[in-house]
Engineer: 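Okay, handing you the structure first.
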Amino acid sequence: QTGMFTYDPGFLSTAATQSAITYIDGDKGELLYRGYPIEQLALHCDFMETCHLLLYADLPTASQKEQFSKLVTNHTMVNEQMQFFLRGFRRDAHPMAVLTGLVGALSSFYHDSTDINNPQHREISAIRLIAKMPTLVAMAYKYSMGQPYMYPQNRLSYAGNFLHMMFGTPCEPYQVSPVLEHALDRIFILHADHEQNASTSTVRLCGSSGTNPFAAIAAGVACLWGPAHGGANEAALNMLHDIQAQGGVEKIGEFIRQVKDKNSGVKLMGFGHRVYKNYDPRAKLMQETCNQVLAELGLEKDPLFKLAKALEKIALEDDYFVQRKLYPNVDFYSGIVQRAIGIPVKLFTGVFALARTVGWIAQLNEMIGDPEYKIGRPRQLFTGAERRDVPPLDQR
Ligand code: SDX
């Protein structure tokens, strides 16, 4: 009650944006990219086709796909100066801190693609960002390991190149496993866009000031870092490690009691969603990939994965979670797959940012391309003090 009228605080956090890119029906558990169901895209397309779809509003023909993939491949290297930015960080800096800095720093190298209101600049910066994110994420990882950076290899696929830059060394070339390459490509597809989530709204609001595309994407990286959003996959794995440390499956009952106790503040990370009040369709696809990767790597018996399965079972059967529609979300399974691939937990959100970059760019370009767009200015409902005069200091 503000004295003027009662309002729903939730309204201010869900003011509508108009977009033609991604459609979600939270009740039906439906997700469409430019009209195509995510299930079909995950089955019949790869990430490069999905990028083309999100950016240009349709799937590429074979020759368009070849041309687009080649363009991305030819922009995967970063300026050699970028490595000096990394040296400013502690080796144990969180990769998302490094990535936020590196992505923003890109704007200082590419003056031919910083004018967000120039369609050519938007197109070039889009290709550069999609191409360079895997290189930057892998550089953040190598820096934290004290290992030399691996240059991208043009003969590899987008996902294969990322695995090579992450796990290859000058002494030992990395053998890209098709199962892991496919699993990573699917993680990229499933995380590519998700309509007006927190980080996408951040990118839109930031870009609406006319700042350069690299700065707007850096703002999205910073927002995605939060544990309630993209940081959930890292938080979900840390939660599993914590339960494991307290005794694993035998202690799961105690943990669930904490989650049900509102005062504990303990949440089931990787479960629940602001929009999906049915199952997150991405989670189903990610669960499938998770089982394939665990089988390929012979990890089905791994205690942490058994613990994850036990938690999933409880969330799908226990009334407390069923009534609150707290199903596993995409982050729950993507964290498990990434751990199986060997990606360190701290890098999970960096992988999410890598995948979501194309969605952020598509949403930003959609807004900037609309001649009606203006700088964003969210409204507020004032609930503070009425007008009053300043009392002298000795009367306060
Ligand atoms: C992503 O927006 C997007 O699209 C995001 C994303 C994307 O692709 O961009 O999908 C990616 O961010 C997925 C979500 C990842 N986050 C997590 O997994 C973190 C854990 N989840 C929670 O923080 C939570 O579920 C949210 C933030 C995701 C949603 O929170 P809401 O909007 O408060 O959920 P709700 O209103 O549906 O909650 C209903 C009830 C509430 O309890 P009651 O007041 O009814 O008693 O369930 C509770 C909530 O407190 N609840 C949880 C819970 N999530 C909600 N209780 C325990 N564990 C949880 N995870």
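Source: prediction; values computed, not measured. Indexing begins at 1, ligand by ligand and atom by atom, following the structure's order.
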Engineer: Measure K325 to ligand 1 on non-hydrogen atoms and call it side chain, backbone, both or neither using the 4.0 Å cut-off.
Structural biologist: neither

Engineer: Counting only heavy atoms closer than 4.0 Å, does ligand 1 sit against the backbone of L268, its side chain, both, or neither?
Structural biologist: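 Both of them.
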
Engineer: Within less than 4.0 angstrom of ligand 1, does E195 place any heavy atom?
Structural biologist: no

Engineer: Hey, which atoms in ligand 1 end up nearer than 4.0 Å to a heavy atom of R324?
Structural biologist: 40 (C), 42 (O), 43 (P), 45 (O), 46 (O), 47 (O)

Engineer: Does E300 pair with K306 as a salt bridge, N-O distance under 4.0 Å?
Structural biologist: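 Answer for the salt bridge query: no.
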
Engineer: Are any of the N/O atoms in N329 less than 3.5 Å from those in ligand 1?
Structural biologist: yes

Engineer: Would you verify whether the NZ or CZ of R339 falls within 45 degrees of the ring axis of F305 while also being under 6.0 Å from that six-membered ring's centre?
Structural biologist: yes

Engineer: Give me the ring orientation class for Y56 and F68: parallel if the planes are under 30° apart, tilted from 30 to 60°, perpendicular past 60°.
Structural biologist: perpendicular

Engineer: Can you find a protein heavy atom closer to atom 38 (O) of ligand 1 than 4.0 Å?
Structural biologist: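 When distances to the protein are checked, atom 38 (O) of ligand 1 has no heavy atom within 4.0 Å.
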
Engineer: Write out the residue and atom name of the closest protein heavy atom to atom 17 (C) of ligand 1, then the distance separating them to 0.1 Å.
Structural biologist: A232 CB, 3.3 Å

Engineer: Looking only at protein heavy atoms, identify the closest one to atom 1 (C) of ligand 1 and say how far it is in Å.
Structural biologist: D331 OD2, 3.5 Å

Engineer: Indicate whether any N or O donor in one side chain lies under 3.5 Å from an N or O acceptor in the other, for T100 and W225.
Structural biologist: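 No, because no side-chain N or O of T100 sits under 3.5 Å from a partner of the opposite role on W225.
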
Engineer: Return the residue, atom name and 0.1 Å-rounded distance of the protein heavy atom closest to atom 12 (O) of ligand 1.
Structural biologist: H229 ND1, 3.1 Å

Engineer: Hey, do the aromatic rings of Y174 and H164 have their centres closer than 6.0 Å?
Structural biologist: no

Engineer: Is there side-chain contact between I130 and I361, with at least one heavy-atom pair below 4.5 Å?
Structural biologist: yes

Engineer: Would you mind running through ligand 1 and noting each atom that sits below 4.0 Å from a heavy atom of R274?
Structural biologist: 29 (C), 30 (O), 31 (P), 32 (O)

Engineer: Do K260 and D318 meet the salt-bridge criterion of a basic N to acidic O distance under 4.0 Å?
Structural biologist: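 So D318 pairs with K260 through a salt bridge.
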
Engineer: What do you reckon, does R282 put a non-hydrogen atom under 4.0 Å from ligand 1?
Structural biologist: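 R282: in contact with ligand 1 (<4.0 Å).
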
Engineer: Determine whether the side chain, the backbone, both or neither of R356 has a heavy atom under 4.0 Å from any heavy atom of ligand 1.
Structural biologist: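 Within the 4.0 Å criterion, R356 contacts ligand 1 through side-chain atoms alone.
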
Engineer: Using a heavy-atom cut-off of under 4.0 Å, does the side chain or the backbone of V259 touch ligand 1, or both, or neither?
Structural biologist: side chain

Engineer: Can you pull out the closest protein heavy atom to atom 41 (C) of ligand 1? Residue, atom name and distance to 0.1 Å, please.
Structural biologist: K262 NZ, 4.1 Å

Engineer: Is the closest basic N to carboxylate O distance between E254 and R257 below 4.0 Å?
Structural biologist: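 Looking at E254 and R257, the cut-off is met.
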
Engineer: Do any nitrogen or oxygen atoms of V266 come within less than 3.5 Å of a nitrogen or oxygen of ligand 1?
Structural biologist: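 In this structure, V266 places no N or O atom under 3.5 Å from an N or O of ligand 1.
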
Engineer: Any atoms of ligand 1 less than 4.0 Å from a non-hydrogen atom of G270? List them with their elements.
Structural biologist: 17 (C), 18 (O)

Engineer: Would a search of protein heavy atoms around atom 33 (O) of ligand 1 find one under 4.0 Å away?
Structural biologist: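 It does not: no protein heavy atom is found less than 4.0 Å away from atom 33 (O) of ligand 1.
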
Engineer: Using a 4.0 Å heavy-atom cut-off, which part of H191 comes near ligand 1: side chain, backbone, both, or neither?
Structural biologist: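 The answer is neither.
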
Engineer: Should the pair F162 and F188 be assigned to parallel (<30°), tilted (30 to 60°) or perpendicular (>60°) ring geometry?
Structural biologist: perpendicular

Engineer: For E288, is there an ion pair with R186 - N to carboxylate O distance below 4.0 angstrom?
Structural biologist: yes

Engineer: For atom 2 (O) of ligand 1, what's the nearest protein heavy-atom neighbour? Residue, atom name and distance, please.
Structural biologist: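 Ranked first by proximity to atom 2 (O) of ligand 1 is N197 CB, 3.4 Å.
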
Engineer: Charged N to carboxylate O under 4.0 angstrom, D27 versus K325?
Structural biologist: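 No, D27 and K325 are not salt-bridged.
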
Engineer: Should E317 and K313 count as an ion pair when the cut-off is N to O under 4.0 Å?
Structural biologist: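 Looking at K313 together with E317, the answer is yes, because their closest N to O distance falls below 4.0 Å.
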
Engineer: Verify whether the ring centers belonging to H273 and H194 lie closer than 6.0 Å.
Structural biologist: yes

Engineer: Considering non-hydrogen atoms of the protein only, which is the closest contact for atom 20 (C) of ligand 1, and what is the distance?
Structural biologist: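 Going atom by atom, the protein heavy atom closest to atom 20 (C) of ligand 1 ends up being F271 O, 3.5 Å.
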
Engineer: Backbone, side chain, both or neither: what part of L326 comes under 4.0 angstrom of ligand 1, heavy atoms only?
Structural biologist: side chain

Engineer: Classify the contact between Q323 and ligand 1 as side chain, backbone, both or neither, using a heavy-atom distance cut-off of under 4.0 Å.
Structural biologist: neither

Engineer: Please name the residue in the list L32, L43, L31 that meets the side-chain contact (heavy atoms from CB on, under 4.5 Å) test with P37.
Structural biologist: L32

Engineer: Ignoring hydrogens, just give me the one of A228, P328, A315 whose non-hydrogen atom is nearest atom 16 (N) of ligand 1.
Structural biologist: A228

Engineer: Give the residue, atom name and distance (to 0.1 Å) of the protein heavy atom nearest atom 10 (O) of ligand 1.
Structural biologist: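 The closest heavy atom on the protein side is H273 NE2, 2.6 Å.
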
Engineer: Closer than 4.0 angstrom: is that true for some heavy atom of V275 and an atom of ligand 1?
Structural biologist: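 Heavy atoms of V275 never come under 4.0 Å of ligand 1.
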
Engineer: Look at atom 19 (C) of ligand 1 and say which protein heavy atom is nearest, naming residue and atom and giving the distance to 0.1 Å.
Structural biologist: M269 CE, 3.5 Å

Engineer: Looking at F271 versus F321, is the centre-to-centre ring distance below 6.0 Å?
Structural biologist: no

